[in-house]
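In what follows, every heavy atom counts, from backbone to side chain, and hydrogens, waters and symmetry copies are set aside. Here is how names work: the chains are called A, B, and so on, in the same order as the sequence lines, proteins then strands, and each is numbered from 1.
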Protein chains: 2
Amino acid sequence: MARPVEFVYEDVLTNAMEQFWREGFEASSVQKLLDVTGINRGTLYNSFGDKDTFFKSCLEHYNKLVDKELSATLNNEELAPWAAIEKYFDVTVMATTNKRRSMGCLLVNSFCESINYNKDIQKLVKAYYSNIRKALLKRLKDAEKAGELNKSVNAELATDVLMNALSGLRVHSREGKPAKQLGEIIQFTISSLR
Amino acid sequence: MARPVEFVYEDVLTNAMEQFWREGFEASSVQKLLDVTGINRGTLYNSFGDKDTFFKSCLEHYNKLVDKELSATLNNEELAPWAAIEKYFDVTVMATTNKRRSMGCLLVNSFCESINYNKDIQKLVKAYYSNIRKALLKRLKDAEKAGELNKSVNAELATDVLMNALSGLRVHSREGKPAKQLGEIIQFTISSLR
DNA sequence: GGCATTTTGTATCAATAGATGTAAAAAGAA
DNA sequence: TTCTTTTTACATCTATTGATACAAAATGCC
């Protein structure tokens, strides 16, 4: 049999993802990726392909993290619509205080970076981000049916408002705004919708 | 006397600014900047300094555009507080439909890019962005004094909510969301505050 | 132990990055 | 015309970019 793999696949993806997350695609040279992952060039190109492909894998890895959060909150059917929504935003706001604070959101960052000229990656980023929107929309439609939505909006508009606030939140967390203020912004936005 | 300058200073700044705006700092190589401005290397380094310095000049140029918009809207004392605020967001939403559509905001894009590791530029971006916040806060304090602000918020929180919505707007305009939907998001957000 | 297979480590590639130096060009002044 | 000054144009520098090739190393199978 062949020589066994020495690196831990998950760890490499996590470290590379954080590098792209922190500094963006363009500023993350292959050398930096080698430094933060600890693997060497041969291993990277053999096991993860070129930089574009590697970035896509990191996006996928990031999406898994998002999916976990969604499963515990928005997609958790044990929670009532608004409870689920509030929990999702609580988690998101709280996340800005840990070590990944001030890094914002890899997907939002990618929207704003030049990555947009790569149609391939752009589509991927949009698709991943739309997962959050879908989960949110579902719950807001539930709330609407239950008469728990502010009569002046429909579920679609309410979703847009919350997604817009979410994107703003991600930008401002990267800008360094304290979680307390971010929380108050979201709290008000939510209260205006119910 | 010396040889006269051939390039138009304003035009060079405008074209370079749009390049940075579209593709970000890292992806905008000096060669690309030469291509879009039409000047050559010597001229660029002689008249605009290195890439960092050039970028700062472009940020300043961008800020002038922002200032013009602010003067006509938020800082226009002839308009009542909420009229000024509504006009500012109208202009901002409408701007997403012209040729600069889908480019978002240079300042927000810069927050999200790796530029953040350059403390110097980061401070500049923050300072320019805070100009908008200051103008907004002033008007919301006026509205608060006049009893035209929703009692459940103070001027500070209202400003945060609107700035958050603004940042979200910029992200989503870059993502390609239609102006109509962006307008409805803002319209609801404003109405929730008055 | 020798063989096949895969990973790892390193050397190296051409292309491009940002940046600088210098000579030619263009104007008015003397 | 000649001189001075500044811009412009081009050549060139070193470092780094993403990417590839290939030998050394490490395993299980025979």
Side-chain angles (χ1 to χ4, degrees), chain A residues 1-17 19-59 110 113-122 124, chain B residues 1-17 19-59 110 113-122 124:
Chain A
M1 213 177 97
R3 179 173 175 173
V5 181
E6 288 184 11
F7 65 87
V8 180
Y9 190 80
E10 281 269 318
D11 292 351
V12 169
L13 274 187
T14 299
N15 289 327
M17 175 193 73
Q19 168 61 38
F20 281 126
W21 195 351
R22 196 180 325 112
E23 302 194 16
F25 178 84
E26 295 288 345
S28 296
S29 65
V30 172
Q31 188 56 53
K32 278 187 187 173
L33 294 168
L34 300 180
D35 292 345
V36 299
T37 57
I39 59 176
N40 54 43
R41 284 192 120 71
T43 305
L44 195 158
Y45 280 95
N46 271 337
S47 308
F48 298 94
D50 64 10
K51 194 183 166 188
D52 274 27
T53 308
F54 195 24
F55 182 65
K56 287 180 197 166
S57 300
C58 289
L59 282 176
S110 298
E113 233 211 285
S114 59
I115 293 306
N116 286 302
Y117 66 75
N118 184 332
K119 301 281 181 190
D120 209 17
I121 293 180
Q122 191 178 12
L124 206 58
Chain B
M1 210 176 103
R3 178 173 177 173
V5 181
E6 288 185 11
F7 65 87
V8 181
Y9 190 79
E10 281 269 317
D11 291 353
V12 169
L13 273 187
T14 300
N15 289 326
M17 176 192 72
Q19 169 62 38
F20 282 126
W21 195 352
R22 197 181 322 111
E23 302 193 16
F25 178 84
E26 295 289 343
S28 295
S29 66
V30 172
Q31 188 55 53
K32 278 187 186 173
L33 294 167
L34 299 179
D35 292 345
V36 299
T37 58
I39 61 177
N40 54 45
R41 284 191 121 72
T43 305
L44 195 156
Y45 281 95
N46 273 337
S47 309
F48 298 94
D50 64 10
K51 194 184 168 188
D52 273 27
T53 307
F54 195 23
F55 182 66
K56 287 178 197 168
S57 301
C58 290
L59 282 177
S110 299
E113 231 210 288
S114 59
I115 293 305
N116 286 303
Y117 66 75
N118 184 331
K119 300 281 180 189
D120 210 17
I121 293 179
Q122 190 180 14
L124 206 60

- prompt: Rounded to whole angstroms, how far apart are CG on A:Leu33 and P on D:dT16?
  reply: 16 Å

- line: Against the side chain of B:Val5, the closest entry in C:dT7, D:dT7, C:dG18 is D:dT7

Exam field: side chain B:Glu113 to backbone A:Gly24, donor-acceptor pair closer than 3.5 Å: no

message: Under a 3.5 Å cutoff, is there a donor and acceptor pairing between the side chains of B:Thr14 and B:Asp11?
response: no

- prompt: B:Tyr45 side chain N/O closer than 4.0 Å to the phosphate oxygens (OP1, OP2) of C:dT20?
  reply: no

message: I need a per-nucleotide contact map over nucleotides 9-14 of chain D, read 5' to 3'. Cutoff is protein heavy atoms under 4.0 Å; write B for the base, S for backbone only, - otherwise.
response: BBB---

- request: Check the distance between C:dA15's P and A:Lys51's NZ and give it to me in whole angstrom.
  value: 19 Å

field: Integer-rounded Å distance: C:dA17 P and B:Asp50 CG
entry: 16 Å

- prompt: Do A:Gln19 and A:Ser28 get their side chains close enough for a donor-acceptor pair, meaning under 3.5 Å?
  reply: yes

message: Under a 3.5 Å cutoff, is there a donor and acceptor pairing between the side chains of A:Asn46 and A:Thr43?
response: no

Set of residues satisfying salt bridge (charged side-chain N to carboxylate O under 4.0 Å, His left out) with respect to A:Lys51, sequence neighbours excluded: none

- prompt: In residues 7-17 of chain B, which ones come under 4.0 Å of DNA chain C, going by heavy atoms?
  reply: none

